[in-house]
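What follows is a short report on a single structure.
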Amino acid sequence: TEVIENFTLTINEHNNLLLMSEGVALHIADVKENEDWICHKGFNWCQSWAGVPIFYGEMLLGFLNLDSAKTHTFSDEILGQLQAFATHAGIALHKARLLQRLTEEHVRLQKIYDVGRDISSSLEADQILHQLIRACFEVLGGVYGVIFSINPDTGVVSLIRSENPNKLQNLHELYLV
């Protein structure tokens with residue numbers, strides 16, 4: 001299982017994946033007779049193979065492959081059945097990605113809500129600005145935060161608060177982080 005857990009491929013380096021990424025379903029009756037077949041470490045036992053793309057609409061989400069220790073295991077009929085499973089996989093993967101995005105957005109919005117609640121609990125401007133910049137780092141990222149104030153009468157912009165969570169000595173260090 002270690003081989004499977006840490007296994008990655010690059011589409012452009014494998015003709016089979018390239019074809020599947022274009023929507024083609026494939027089966028190889030005998031991998032030893034296929035010039036495009038690349039045998040990866042731990043897969044010497046594989047004698048035949050079938051693969052189909054996993055799409056959701058026009059979006060390629062992945063591939064569903066079957067390996068067999070026997071030659072001539074897979075057929076066009078099996079590819080059709082495998083494609084049916086891939087269709088369900090596409091729906092499931094799409095839903096999982098949507099749920100992940102919704103979860104991330106919920107966490108971000110919860111942090112923003114918490115910031116609003118925390119800021120409204122203080123009456124000290126310096127503490128509010130400190131909490132505000134820290135919350136921006138937490139929710140949005142960044143390495144250096146600054147709040148400026150504009151004098152409406154003169155148009156002069158003045159620094160009123162800066163935060164340096166990375167303890168940078170000067171702005172030049174920003175490029176080294």
Side-chain angles (χ1 to χ4, degrees), residues 1-26 38 40-42 51-65 83-177:
T1 59
E2 181 182 343
V3 174
I4 300 294
E5 291 173 5
N6 298 313
F7 193 74
T8 59
L9 301 171
T10 303
I11 291 176
N12 294 334
E13 295 175 3
H14 295 79
N15 287 335
N16 296 336
L17 294 180
L18 198 54
L19 286 169
M20 286 193 303
S21 71
E22 295 169 358
V24 177
L26 299 169
I38 299 172
H40 295 277
K41 182 181 176 182
V52 296
I54 299 172
F55 281 100
Y56 183 80
E58 298 293 316
M59 186 179 0
L60 178 67
L61 300 178
F63 306 103
L64 177 57
N65 300 341
Q83 189 62 61
F85 282 102
T87 299
H88 291 291
I91 294 166
L93 287 171
H94 179 70
K95 285 182 178 181
R97 289 179 180 184
L98 285 176
L99 180 60
Q100 178 66 33
R101 285 191 359 225
L102 285 172
T103 301
E104 290 168 359
E105 183 67 9
H106 175 75
V107 168
R108 189 181 70 78
L109 290 173
Q110 183 65 47
K111 287 179 182 178
I112 291 170
Y113 169 78
D114 292 345
V115 166
R117 190 187 64 231
D118 291 346
I119 289 172
S120 66
S121 69
S122 177
L123 297 176
E124 293 183 37
D126 196 51
Q127 183 180 3
I128 291 171
L129 297 176
H130 167 75
Q131 289 174 335
L132 181 69
I133 293 176
R134 290 294 176 160
C136 286
F137 288 132
E138 186 178 333
V139 175
L140 305 171
V143 293
Y144 196 81
V146 181
I147 296 177
F148 292 96
S149 175
I150 300 173
N151 182 319
D153 297 327
T154 64
V156 173
V157 178
S158 302
L159 173 75
I160 58 171
R161 182 72 188 193
S162 66
E163 292 286 332
N164 185 357
N166 296 313
K167 305 296 183 222
L168 303 172
Q169 297 302 312
N170 58 54
L171 290 178
H172 174 72
E173 291 181 40
L174 285 174
Y175 299 104
L176 303 176
V177 173

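Quick caveat: nothing in here was measured; it's all calculated off a predicted structure.
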Practice task
Would you check, one step at a time, whether the test side chain to side chain contact (heavy atoms under 4.5 Å, CB included) holds for Asn65 with Met20?
Solution key: CA-CA 10 Å; Asn65 300 341; Met20 286 193 303; 3.7 Å; yes

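- Atom CZ of Phe148 has more than 12 neighbouring heavy atoms from other residues, nucleotides or ligands inside a 6.0 Å radius.
- The CZ atom of Arg97 lies 13.0 Å from the CG atom of Leu99; values are rounded to the nearest 0.5 Å.
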Donor-acceptor pairs are to be reported for all side-chain atoms of residues 107-116 against protein atoms at under 3.5 Å, with residues two or more places apart or in another chain.
residue, atom, partner, partner atom, Å
Arg108, NE, Glu105, OE1, 3.2
Arg108, NH2, Glu105, OE1, 3.4
Arg108, NH2, Glu105, OE2, 2.6
Gln110, NE2, Asp114, OD1, 3.0
Asp114, OD1, Arg117, NH1, 3.1

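- The two atoms that bring Leu26 and Asn16 nearest to each other are CD1-O, 3.6 Å, heavy atoms only.
- Contact between Ile11 and Ser21 at its shortest, heavy atoms only, is CG2-OG, 4.1 Å.
- Counting non-hydrogen atoms of other residues, nucleotides and ligands closer than 6.0 Å to OH of Tyr56 gives a total of 12 or fewer.
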Practice task
Go through the steps to decide whether Leu64 and Phe85 satisfy the test side chain to side chain contact (heavy atoms under 4.5 Å, CB included), and finish with yes or no.
Solution key: CA-CA 8 Å; Leu64 177 57; Phe85 282 102; 3.8 Å; yes

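- Under the rule for a salt bridge (charged side-chain N to carboxylate O under 4.0 Å, His left out), Asp153 has no partner lying at least two apart in sequence or in another chain.
- Remark: side-chain polar atoms of Thr10 are not paired, donor with acceptor, to backbone N or O of Asn12 under 3.5 angstrom.
- Looking at Gln131 and Leu129, their side chains never come closer than 4.5 Å, going by heavy atoms from C-beta outward.
- Closest approach of Ala25 to Val52, counting heavy atoms only: CB-CG1, 3.6 Å.
- No more than 12 heavy atoms of other residues, nucleotides or ligands sit less than 6.0 Å from atom CD1 of Ile150.
- A search for side chain to side chain donor-acceptor pair (under 3.5 Å) contacts involving His40 returns His14, not counting sequence neighbours.
- Looking only at distances, no side-chain donor or acceptor of Gln83 sits under 3.5 Å from a matching main-chain atom of Ile54.
- Annotation for Pro53 and Ala86: closest pair O-CB, 3.6 Å, computed over non-hydrogen atoms.
- Rounding to the nearest 0.5 angstrom, the gap separating the CD1 atom in Ile38 from the CG atom in Leu9 is 8.5 Å.
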